[in-house]
Each structure stands twice: as structure tokens, then as C-alpha cells.
Novice: 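Could you have a look at this structure, given as C-alpha cells, before my questions?
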Amino acid sequence: MIEDQLAEAIRDALGALGVQPVPDHVQLERPARREHGDWSSNVALASAKATGRNPRELAAELCAYLGDHQPDHVASVEVAGPGFVNFHLQDSWLHDLLRQVAAEGVDHFAANGFGQGTSVIVEFVSANPNKPLHGGHARGACLGDSVARLLDRCGYAVTRETYLNDRGVQMGLFAESLAARARGEEPPDDGYMGDYLIEWAAEMPVDADPFEWGYQRALQSHRDTLDRVNIHFDVWFSERSMVADGKIEAALEDLRSRDVVFEEDDATWLRTTDYGDDKDRVLVKSDGDLTYLAPDIAYHRDKFGRADTLIDIWGADHHGYVPRMRAAMQALGHDTDELDIIITQLVDLERGGEKVKMSGRSGDMVTFDEIIDEVGGDAARFTYLMQSADSRQTIDLDLVAARVMENPVFYVQMAHARLCSIQRKAAEAGFAMPDVAEVDLTPLTHERELELLRTLSDLPEQVVLAAADRAPHKIATWVRELAAAVHGFHHDCYVVGDGVSPALTDARLALVEAARVGLVVGLDLLGVAAPESM
RNA sequence: GCCCUUGUAGCUCAGUCCGGAUAGAGCAGCGGGCUUCUAUCCCGCCGGUCGCAGGUUCGAAUCCUGUCAAGGGCGCCA
């Protein structure tokens, strides 16, 4: 990448100028203002103090040196402000970039090998298998899958996994409620009241076991819903399987052997306070039943046996459990740096400005399916991923569904459809797609063309940052910028038509293809389709 | 009381991790632009004491301290 070249050139220059020590990392960034050049470095400001030199003088010496030893593509280097070193580049750096994007294509553009050799399990959704997925699951579902897509592109060996709470009190109540509905009765007072149980009960064969049949029915419901938003788990991990194969007991034994467990009031406790938790936690209740925590610990212990790094996506209502899980993993000797628990803040749903109730015993909760019905799978995913998981989100279903102007997903998809349309029109007009490696790109000098390429050049870094921060919203922001650049290009730069020379048409067709690759990659990282027409 | 997250334009949010130059985008409002590849678009204008107060720094939306406000969480429930 060009910034690596420039950084290396700066380090060489610092060495030649006798600056000690030469920093390991030279920061280069794209200035906010075009007149500050294509790339800028604050290296003179940053190292002035360490070297006891005046930053502007150091910057001036750097510029002079770099002027005499110009790296490829550099047109000029100048000092600005308090001591920035600004590089102005020739358009050729963007032309090279275009060739690179086209050559890498959808499979390789913005990919990197940072995760090579590292396995990671991304656990998300993990909904109780006794009711349809509801709105509260949606954000975490979209986030988890997109994080997995980002890690894929960074070369990690990724497993998408969800945990099934398929034993315990709630599942028993579920089976009882389902059986009651099947008999035409009301569920027990503490049972499940949702109308979906009436539907499911009607489907259930008379001789079926309500527990097993209902469990499978719920799983099918989850699978069907997630299919609609392009989410597919590699592993559906069963809690009760850990009872059968002894993993829970093994985990408890492991903890006991490490002397972090004690008995008190007839219960078994984990001394999580030794690891930063604010109180100790019960593993086995005085009545002999397990708390939810014991299987959860066993599950995470199992995951650490299968992967180097664990990422969990939890809702805000579970954030209080982070310290105890981290404590438990630390007690088991795992590196808690490799346990990354992402908390998604709550989402408020509205319709036409009116708040929608998210849950309720009578079954008036909004299901994930209803959200998809109302706004579509692509709009749902894009909307959930537009904002940082840290910020509380308000989604007005009517706005997302109906008012196209307020819904960026259409803007971005439209950009892709337009590029495809251009390619179709060009083919109809007899222009074959040029060989991008050979085509002359020097006709690409229009500001719209250059801006499009500059935006494309940002994606590789954004992928690295988004993957590291588990922050797909950075990709959503980027893809909106790229779409804006595409629409601007589309508006001002005809590809095929009167007054466009064949050479320019060829060059622009190459640009169209590179931009299309960028949109496809960006949208794919979000799990959103790139339609060829709209 | 303790813990987590948030507070940036009328609204919804980027930017904060890793401090840089005149703080960005969309929507809303106002005003322009289609004989050619999708006007579901493009361009301009309007709009911000970056919650508040200190501190560190050549330089703070960004780091530190305090404080206010909103949301969430603090079970031998799951």
C-alpha cells in the first residue's frame, strides 16, 4: 500500500538526517482537507520532543530530503502548519490502485492475513429454544455475523456458533405450556403465553413428546428466521449435551482442583472475587441444581479447547455477567485477553414515532420475523449495523421500510445497480470489458473519478480497524461514502455516449468494475445483497 | 450505593481506542440541476460553547480528574 511506501521513505529520510531513534511506526493519514495533500504525516511533530528539535525545522529537512529522493508517485512534499509533512501525489497512484482492486477482485480486495493461523469462535444469538427470535435478538445477530465476516476477510479460521439453553426450568415450562395448548387449555401461570404456542400446538402430532418436538420446532423457527438475513451457524451447541458427555462435571472438577471453589450454606461457590468480581458466585445451589453459570463456564471452557480466541456477543442486560465469566476463565488458566465479550446496547423500536413494546407475557412482542417482514432483510441488517454497538439505537420501522430517502441501504444498493446498468449498456453498445491490467488509465483525471478511487483506497485499512474493534459500523460508514462517490461519478462522468472517446470509455469501464468490487465487498461484510438492478 | 454504556447540528449518527490543521454525513428546512449509462440521483445554502468544570499538551470532541443527565445491570432466576 502507498502509505507503507511513504512511511518507509520517511524512516529512511529520518535515518539519513541522523535522527535518533527512528520511530518504528510512522503515522500517515489522509488529511481532512484536500489542499493538505493526499497523505500527511505528523512524524516531525511527534518526534520533535524526543529528539529535542524544532518540529518545523525537522519537517523542512525531511521535505528537502524527500524532494531529492522522491518515492514513486510523489509529485511534491511540503511543510505545513506546525510541522506536518504533506505529500501531494500524482494520479498514477490511484491508477495503480484501480488495477490492484480489479486484479484482487471480490474475493481478495481488502483481505489480509492478520488472522492467519488463529482460530476464533464467534458466539451470538444464543436464544432460548422455546420461542421465536424476537426484536431483541436482531441486533446481536447482525453484529455477530458481520464480525465473523470481517474476521474471515482477515484470514482467521472463524466458527459461527450459538448456544442452546436446552435444559432446565424454562424448557420444562415451555413443554408444559405447549402441551396445555395442545389440549386446548391455557398454559400454567408461570408458563409461556405467546400466541405462537397455539400455532405450534396445532402443528404438533398427538403422539409427539412436547419437549423434544417443541425444541425442534423452535430451532426450525430460529433457522428459518436467520436464513432470511443470511445468517448461518456452523455450530448449534447444546447445553444438555454437556450433561450427557460429562463436560459440566469436568469443568467443576477442574475448578475444584484449582482450589477456587468452596462450600457454604449447602451450596457450591466459585471464588470469583479473587479475579476482580464484586462477589462470589454460586455454581451448585443448595437444592443440588446447577445455576446457569456452571454450564456457561463449562461451555466457555469447551470453546477454549477448540479455538484460540473467543468472541461473545451479549445484550446490555447481561453486561453484569462479564466480570464473573472473565473471572471463571482466568481461574481456569485461560488468557482473558482472548475472551472478548461485546455488549450491544438496547434497541428501541418505533412505528411512526410511537414506541413499540418489545416484550410482554401476552405475546405482543415484536418478532425478528415481523421486523424483516416490515423492512426487508437487507434494510434490517444495514440499519442495525449503521451504528456502534455501544450506542443505544432507535429504529423507526416505518421510516426504514417506507421512506426511501431516509434509508441509506437503498442509496448504497442503488449505486451498485447503476454500475451494473452501465456495464449492461456498454455491452449493448459493443464495448467489451477491457483487460484492466493492460488498459490505459491515464484518461482518468476527473475529480469524481479520483475521489472514487481515493475512497476505494480506504477499505483495506477500514477492514483491519473494524475487525480489530469488532465494529462493522465502520464498514457501513465506508460503504455509504463509496456509494456517494459512485453517484457523483455517475452524474458527471458518462461512460458510454456521445463525446466520450473509446479510450475514455475503456478506462471508465475499468473504474466501474473496481468500484463495483468495492461495493460488493463492503456490502458482503455487512451481509447485505448487492442487487444488479432495482 | 456500586458497575457498564451513552451525551457532538432541529432529528438520527460518524469521528474518540491511536490527541493535530477551518469538527463531518444523512434526514429535516431553503434554493438550484434531467435531450444520452436508473432524478431512488447531483450541486449549493442554512445549521454545532463536541453535556458541564478543571487539568495535561506546542495543540484536546479525542487523554486525566471531578461533576450532571439518560439507559442498562447489580438473585442459591435463566
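Naming: A, B, ... by sequence-line order, numbering from 1 per chain.
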Novice: Is there ring stacking between A:Tyr494 and B:C37, where the centres must be under 5.5 angstrom apart and the planes under 30 degrees?
Specialist: yes
Novice: Pick base, sugar-phosphate or nothing for A:Cys493, based on heavy-atom distances below 4.0 Å to the nucleic acid.
Specialist: base
Novice: If you look only at pairs with a residue in residues 490-499 of chain A, which of them pass as a salt bridge (charged side-chain N to carboxylate O under 4.0 Å, His left out), with sequence neighbours excluded?
Specialist: A:Arg448-A:Asp492
Novice: OP1 or OP2 of B:C74 versus the side-chain N and O atoms of A:Tyr321: is any pair under 4.0 Å?
Specialist: yes
Novice: Could you work out, with ring pair (Phe, Tyr, Trp, His ring centres under 6.0 Å) as the rule, every residue matching A:Phe368, not counting sequence neighbours?
Specialist: none
Novice: Please give me every residue in residues 290-301 of chain A whose heavy atoms get under 4.0 Å of an atom in RNA chain B, ordered by residue number.
Specialist: A:Leu290, A:Thr291, A:Tyr292
Novice: Quantified in whole Å, what is the C1' atom distance between nucleotide B:C45 and nucleotide B:U49?
Specialist: 23 Å
Novice: Paired with B:A14: which nucleotide, if any, by Watson-Crick or G-U wobble criteria at under 3.5 Å for both distances?
Specialist: none
Novice: Any chance you could lay out the side-chain contact (heavy atoms from CB on, under 4.5 Å) test for A:Asn165 and A:Gln170, step after step, and finish with the verdict?
Specialist: CA-CA 9 Å; A:Asn165 245 266; A:Gln170 293 305 316; over 6 Å; no
Novice: When you check every protein heavy atom under 4.0 Å of nucleotides 17-22 of chain B, what one-letter string (B, S, -) results, 5' to 3'?
Specialist: BB-BBB
Novice: Return the nucleotide paired to B:G19: Watson-Crick means purine N1 to pyrimidine N3 with N6-O4 or O6-N4, wobble means G-U with N1-O2 and O6-N3, both under 3.5 Å.
Specialist: none
Novice: For A:Asp378 and A:Gln413, test the side chains for any donor-to-acceptor distance below 3.5 angstrom and give the result as yes or no.
Specialist: yes
Novice: Kindly write out the residues that satisfy ring pair (Phe, Tyr, Trp, His ring centres under 6.0 Å) with A:His487, not counting sequence neighbours, or none if the list is empty.
Specialist: A:Tyr411
Novice: Which residues satisfy the ring pair (Phe, Tyr, Trp, His ring centres under 6.0 Å) test with A:Tyr275, sequence neighbours excluded?
Specialist: none
Novice: Base, sugar-phosphate, or nothing for A:Arg470, non-hydrogen atoms under 4.0 angstrom?
Specialist: nothing
Novice: Taking only the side-chain nitrogens and oxygens of A:Arg281, find out if one of them lies under 4.0 Å from OP1 or OP2 of B:G75.
Specialist: no
Novice: Could you check how far CG of A:Asp458 sits from P of B:G15, rounded to whole Å?
Specialist: 14 Å
Novice: What about A:Tyr411, does its side chain sit under 3.5 Å from the base of B:C42 through a donor-acceptor pair?
Specialist: no
Novice: A:Ser286 and A:Asp266: side-chain donor and acceptor closer than 3.5 Å?
Specialist: no
Novice: Under the salt bridge (charged side-chain N to carboxylate O under 4.0 Å, His left out) rule, collect the residues that match up with A:Arg424, sequence neighbours excluded.
Specialist: none
Novice: Residues in ring pair (Phe, Tyr, Trp, His ring centres under 6.0 Å) with A:Phe114, at least two apart?
Specialist: none
Novice: Is the base of B:G73 touched by the side chain of A:His318 through a donor-acceptor pair closer than 3.5 angstrom?
Specialist: no
Novice: Considering only heavy atoms, which members of residues 385-393 of chain A lie under 4.0 Å from some atom of RNA chain B?
Specialist: A:Gln387, A:Ser388, A:Asp390, A:Ser391, A:Arg392, A:Gln393
Novice: Do A:Ser40 and A:Glu29 meet the criterion of a side-chain donor-acceptor pair at a distance under 3.5 Å?
Specialist: no
Novice: Can a side-chain donor-acceptor contact be found between A:Glu176 and A:Tyr192 if the only test is distance below 3.5 angstrom?
Specialist: no
Novice: B:G1 and B:G20: how far apart are their C1' atoms, nearest whole angstrom?
Specialist: 41 Å
Novice: For RNA chain B, whose closest nucleotide is more 5', that of A:Ser286 or that of A:Gln345?
Specialist: A:Gln345
Novice: Does B:G1 have a Watson-Crick or wobble mate here (both distances under 3.5 Å), and if so which one?
Specialist: B:C74
Novice: P atom, B:U62 versus B:G72: distance in rounded Å?
Specialist: 27 Å
Novice: Can you run down the salt bridge (charged side-chain N to carboxylate O under 4.0 Å, His left out) pairs that involve residues 459-468 of chain A, sequence neighbours left out, and say none if there aren't any?
Specialist: none
Novice: Rounding to an integer number of Å, can you tell me how far A:Asp492 CG sits from B:G33 P?
Specialist: 16 Å
Novice: Establish, with yes or no, whether the OP1 or OP2 oxygen of B:G75 is under 4.0 angstrom from a side-chain nitrogen or oxygen of A:Lys279.
Specialist: yes
Novice: Give, ordered by number, those residues of residues 260-272 of chain A having at least one heavy-atom distance below 4.0 Å to an atom of RNA chain B; if nothing qualifies, reply none.
Specialist: A:Glu264, A:Asp265, A:Ala267, A:Trp269
Novice: Over how many whole Å does the gap from A:Asp396 atom CG to B:C13 atom P extend?
Specialist: 12 Å
Novice: Check the angle between the aromatic planes of A:Phe237 and A:Tyr299 and answer parallel, tilted or perpendicular using the 30° and 60° thresholds.
Specialist: tilted
Novice: Please check the phosphate of B:G71 (OP1 and OP2 only) for any side-chain N or O of A:Lys355 closer than 4.0 Å.
Specialist: no
Novice: Determine whether the side chains of A:Glu263 and A:Thr268 contain a donor N or O and an acceptor N or O closer than 3.5 Å.
Specialist: yes
Novice: Over how many whole Å does the gap from A:Asp278 atom CG to B:C3 atom P extend?
Specialist: 9 Å
Novice: Report yes if a donor N or O on one partner sits less than 3.5 Å from an acceptor N or O on the other, where the partners are the side chain of A:His319 and the base of B:G73; otherwise report no.
Specialist: no
Novice: Could you pick out which residue, A:Val496 or A:Thr394, lies toward the 5' side of RNA chain B when each is mapped onto its nearest nucleotide?
Specialist: A:Thr394
Novice: What is the ring orientation for A:His318 with A:Tyr321, classed by angle as parallel under 30°, tilted 30 to 60°, or perpendicular over 60°?
Specialist: tilted
Novice: Using whole Å, report how far NE2 of A:His490 lies from P of B:U40.
Specialist: 11 Å
Novice: Within the 3.5 Å criterion, strictly below it, is a donor on A:Gln423 or A:Glu532 matched to an acceptor on the partner's side chain?
Specialist: no
Novice: Does the side chain of A:Arg324 get closer than 4.0 angstrom to OP1 or OP2 of B:G73 through an N or O atom?
Specialist: no
Novice: Let me know the distance between CZ of A:Arg139 and C1' of B:C13, rounded to the nearest Å.
Specialist: 12 Å
Novice: Between atom CD in A:Glu513 and atom C1' in B:C37, what is the gap in whole Å?
Specialist: 16 Å
Novice: Take the protein atom CH2 of A:Trp478 and the nucleotide atom P of B:A25, then report the distance between them rounded to whole Å.
Specialist: 19 Å
Novice: On the nucleotide B:U36, are OP1 or OP2 found under 4.0 Å from the side-chain N or O atoms that A:Lys425 carries?
Specialist: no
Novice: Applying side-chain contact (heavy atoms from CB on, under 4.5 Å), name anything that partners A:Glu35, two or more places apart in sequence or on another chain.
Specialist: A:Arg33
Novice: Given B:G15, is OP1 or OP2 found less than 4.0 Å from the side-chain N or O atoms of A:His473?
Specialist: yes
Novice: Under a 3.5 Å cut-off for both distances, is B:G29 Watson-Crick or wobble paired, and to whom?
Specialist: B:C45
Novice: P atom, B:A60 versus B:A53: distance in rounded Å?
Specialist: 15 Å
Novice: Report the base-pairing partner of B:C63 (Watson-Crick or G-U wobble, both distances below 3.5 angstrom), or none.
Specialist: B:G55
